[in-house]
Amino acid sequence: MNTPSHAILNLAILIDPQQPTATLAIVCGAVLPDVPMFVMYFWAKVIRRQSDYQIWSETYFESFWQNFTHAFHSIPLALISIFIAHYFGWWQVEIIGISAFLHALGDLPVHNEDAHRHFFPFSNYRFISPISYWNPKYHGRVVSLMEKLLVLIATFYIFPLLQSWVGKGSLIAVNLVYFSGYLYVKLFCRCQQINKQKELY
Ligand SMILES: [Zn+2]
């Protein structure tokens, strides 16, 4: 799933209005597993000056970046961090671990060619899902729309529970970007179809 979706869906699951200080930890844990991907993109784009195509078809699949990304999406490593944090009473680290664990579970059913090794480094097993959150070859358009609708529903639930206006503003911004992008693609596709029909007649 897209990183902002993880943050909003994890908030909907874990938010506790009695514990507003936990909100930041939930968001950090939801974003954390994708941090290696951001580092890879920044390094490849800004330092190596690679094209987006090269980044997502080659660099992303290099073993160093795959290991880095998969370690951060590892279910057992998240569980180990939760247990250690719980044992030492580090409650914020524990919430970050739980949120990262939910991120890993959320990605599991919607990754096909880019599936993570869910039990890294203990096993190389990857669940190759028949659906993808982005790839049109594997129902990416429908799954992407479902993801955005789910985020919208979660937004209605958590909006009144959030106390900070930065948080509320971010929620609105993510939904605006999601649905304006979706409408743009829809309109663009329509225009292309209309042009094609015009060419036919
Ligand atoms: Zn992820």
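Both counts, for ligands and for their atoms, begin at 1 and track the order of listing.
The distance from the OG1 atom of Thr3 to the CG atom of Leu32 is 11.0 Å, given to the nearest 0.5 Å.
Residue Tyr138 shares its hydrophobic cluster (ILVMFWY side chains chained together at separations under 4.5 Å) with no other residue. Tyr87 belongs to a hydrophobic cluster with Leu77, Ile80, Ile84, Phe88, Trp90, Val93, Phe122, counting contacts under 4.5 Å between side-chain heavy atoms of Ile, Leu, Val, Met, Phe, Trp and Tyr, direct or through other members.
Annotation: protein N, O or S atoms under 2.8 Å of the Zn ion (ligand 1) (waters excluded) comprise Asp34 OD1, His73 NE2, His103 NE2, Asp107 OD2.
Between the side chains of Thr59 and Gln50, at least one donor-acceptor pair of N or O atoms lies under 3.5 Å.
Under the rule for a side chain to side chain donor-acceptor pair (under 3.5 Å), the partners of Asn2 that lie at least two apart in sequence or sit in another chain are Glu147.
Ring geometry for His118 versus Phe127: interplanar angle of 30 to 60°, hence tilted.
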